[in-house]
Amino acid sequence: GGWGGGGRPNLPPSSQLPTSPTPQPPPVEGGGAILLESVDAATGLVYVTSIGNGTIARIEELAGQTAHLTVYTWQPGLLRERLAAQGITVEQIPQFLVNRFGGTA
């Protein structure tokens, strides 16, 4: 197995672990608005930090690429008002994440 008696997984020294650059999300609009996305043919997940016309257009574009899209945002009511596409669920950022990372819930 991968677990030793010390309760820690048997991992190679950190010098042997693969390294990759930290992915940087692309800005969607000016003013620091960011949209992070993970979408395939069956489902999609989007995290929106700020809502604007460019953000709305991108979400609608992503909704056309997947059977169901879930969007997490600080302002779910505002986003629900602006999105008319079927197959999109808009959710509030969970409170435990707000507590952990801060934000404007």
- Query: Any sub-3.5 Å donor-acceptor pair from Thr43's side-chain atoms to Thr66's backbone N or O?
  - Reply: no
- Query: Which residues pass the side chain to side chain donor-acceptor pair (under 3.5 Å) test with Thr89, sequence neighbours left out?
  - Reply: His68
- Ala67 and Ala42 have their tightest heavy-atom pair at CB-O, 3.3 Å
- Task: Enumerate the residue pairs fulfilling salt bridge (Lys or Arg N to Asp or Glu O under 4.0 Å) with a member in residues 34-57, sequence neighbours excluded, ordered by first and then second residue.
- Result: Glu37-Arg58
- Message: Going by salt bridge (charged side-chain N to carboxylate O under 4.0 Å, His left out), name the residues that satisfy it together with Glu91, two or more places apart in sequence or in a different chain.
- Response: none
- Pairwise side-chain contact, Thr49 with Thr73, heavy-atom cut-off 4.5 Å (strictly under): no
- Message: Is there a side-chain contact between Tyr47 and Ile93 in this structure, where contact means two heavy atoms from C-beta onward sitting under 4.5 Å apart?
- Response: yes
- Quick one: side chain to side chain donor-acceptor pair (under 3.5 Å) partners of Arg80, sequence neighbours excluded? none
- Message: With heavy-atom distances below 4.5 Å as the criterion, would you say the side chains of Val90 and Leu83 are in contact?
- Response: yes
- Counterpart residues, side-chain contact (heavy atoms from CB on, under 4.5 Å), relative to Glu81 (two or more places apart): Leu78
- Query: Would you say the side chain of Ile59 lies within less than 4.5 Å of the side chain of Ile88, judging by non-hydrogen atoms?
  - Reply: yes
- Message: Measuring from atom CH2 of Trp74 to atom CD1 of Ile51, what distance do you get when rounded to the nearest 0.5 angstrom?
- Response: 12.0 Å
- Query: Does the side chain of Thr70 come within less than 4.5 Å of Val46's, by heavy atoms?
  - Reply: no
- Pairs flagged by salt bridge (Lys or Arg N to Asp or Glu O under 4.0 Å) wherever residues 43-57 is involved - sequence neighbours left out: none
- Task: Report yes if some heavy atom in the side chain of Leu79 is under 4.5 Å from a heavy atom in the side chain of Ile56; otherwise report no.
- Result: yes
